[in-house]
2 protein chains.
Amino acid sequence: MKKDFFQTIYNSPHIGKTDYEEIAKAHSQMDVRSGSLLLEEGKIASEFYIIEKGLFRSFVYDYDGNEVTTEFYGPKELLIESFSLFHRSPSMENFQALSNGTVWKIEYQLFQQLLGKIEGLREWGRTWATSHLFIIKKRSIKMLTMNATDRYLNLLNERPQIIRQVPLKFIASYLGITDTSLSRIRKEIVTT
Amino acid sequence: MKKDFFQTIYNSPHIGKTDYEEIAKAHSQMDVRSGSLLLEEGKIASEFYIIEKGLFRSFVYDYDGNEVTTEFYGPKELLIESFSLFHRSPSMENFQALSNGTVWKIEYQLFQQLLGKIEGLREWGRTWATSHLFIIKKRSIKMLTMNATDRYLNLLNERPQIIRQVPLKFIASYLGITDTSLSRIRKEIVTT
DNA sequence: AGTATTTCTTGCCATATGGAAAGAGTATCC
DNA sequence: GGATACTCTTTCCATATGGCAAGAAATACT
């Protein structure tokens, strides 16, 4: 059921049943084809997405114009560039579908209206923001303190399905190395 | 004037004069000696700080037990481990004074009360959270896309006073390299 | 099926960074 | 003023990672 899906996503003890119905109504379903972009660098995000089905990634361009994958996203995760969305400023990141999929989209204005009406949703937002901050901090610390092999093993452990479904070059740039190096690391691991 | 200070910190068009008086009253001044810790890993943050004077850093320990500096903080910046504070969970980070200084401290409970009373403060909080998220994302992208020399030059450009005042080993661990490497990089830059 | 495209691996060599240890320089303390 | 503890640089060598290019393997297209 549609309502249950949003209850899982916007999970908070202070959001009531009728609130979830209103939240559900504010989202619209959207099919996405593999490779398509849901947000492009430089544009202002006017909506965000909740993934129902499929695999996605966010990426930026480095100084040499190479794509650098910053995160992978799967079902029940949010595809949101919060700074661009809430500050109405150009996005730094790109969102791309890595497979065909289905997402639930919600417009900025509509979400702001819900935030104004539902205190529990504001609370959910604070929790999301602090948790997300925490996750990004942890990732950035890992980038600093672990070597490439350990980062790969860590990803393999935490998100095995990513490794299986995603082309090596995206995984490599996510780990901060070249696809050549990742290929060598894989070989090393297999033979160990 | 004390109130002006907090007006600069919690800057928001929707916070009134009397609100700022109440906010100012909720903070207490505290002198800090160089080297002392304001928060330790594993403890639950029960307060946060606004820096009036002095230089601070946050750091974590890597798998080998080495300290890794995650950020530097100067006057008018917040020393806050938001996840620990708002989720009442053990802190991942440590806060340390790198010089003698003065901070304004506010207790969790007191801040929660202010948040409950002042809508403008909640709005300020949302802005702070999204901006902070953005800053950390940018930093983590820099770690991925720039080499050590460029990261050093970038820091030198953005926060020259850090380079002048902070021991090289802290800067090195912030950049994700050893002090030996940073020393070599410095030499290379001077002769170029 | 057959061709084109993408993905992955491998080899060779260059460069960046690390680890350990020694020594020089600087600040601190009594 | 001298002892002590930091701080920073330097050297030697080891290891990790990158760049390029070729080829193999897998996948997509018609």
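Convention: sequence-line order gives letters A, B, ...; per-chain numbering from 1. What you are looking at is a predicted structure, and each value in this text was computed from that prediction instead of being measured.
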Revision key, fill the gap. Exactly one candidate in A:Glu67, A:Glu77, A:Glu93 meets salt bridge (Lys or Arg N to Asp or Glu O under 4.0 Å) with A:Arg57; the answer is A:Glu67
**Study point:** Atom-pair distance (CG on A:Leu168; P on D:dA26), nearest Å
**Key:** 14 Å
Revision key, fill the gap. Taken to the nearest whole Å, CG/A:Asn100 to P/D:dA28 is 11 Å
**Study point:** Test of ring centre spacing under 6.0 Å for A:His27 and A:Tyr49
**Key:** no
Review point. Under 4.5 Å between side-chain heavy atoms, hopping through other hydrophobics if needed: is there a path connecting B:Leu37 to B:Phe56?
Key: no
**Study point:** ring pair (Phe, Tyr, Trp, His ring centres under 6.0 Å) assessment of B:Phe134 paired with A:Phe83
**Key:** CA-CA 6 Å; B:Phe134 180 76; A:Phe83 192 81; 4.1 Å; yes
Practice item. Pick base, sugar-phosphate or nothing for B:Thr180, based on heavy-atom distances below 4.0 Å to the nucleic acid. Key: base
Exercise for review: May I have the distance from B:Leu175 (atom CG) to D:dC8 (atom P), rounded to whole angstrom?
Suggested key: 13 Å
Review point. For B:Leu182 and D:dT10, what is the distance between atoms CG and C1' respectively, to the nearest whole Å?
Key: 14 Å
Review point. Rounded to whole angstroms, how far apart are CZ on A:Arg184 and P on D:dT17?
Key: 10 Å
Check your understanding: Do B:Ser58 and B:Tyr73 have a side chain donor and acceptor closer than 3.5 Å?
Key -> yes
Check your understanding: Can you check whether B:Trp128 and B:Tyr10 have ring centres sitting under 6.0 Å from each other?
Key -> no
Review point. For DNA chain C, which nucleotides open and close the run of contacts to chain A, 5' to 3', at under 4.0 angstrom from a non-hydrogen atom?
Key: C:dT7 to C:dC12
Practice item. Could you pick out which residue, B:Phe170 or B:Ser181, lies toward the 5' side of DNA chain D when each is mapped onto its nearest nucleotide? Key: B:Phe170
Point to revise | side-chain N/O B:Ser183 vs D:dC8 OP1/OP2, d < 4.0 Å | key: no
Practice item. Answer yes if the side chains of B:Asp31 and B:Thr102 hold a donor-acceptor pair under 3.5 Å, and no otherwise. Key: yes
Review point. Please give, in whole Å, the distance from D:dT7 P to B:Glu67 CD?
Key: 11 Å
Check your understanding: To the nearest Å, how far apart are A:Asn66 CG and D:dG18 C1'?
Key -> 12 Å
**Study point:** Euclidean distance, atom CG of residue B:Asn147 to atom C1' of D:dG19 [Å, nearest integer]
**Key:** 15 Å
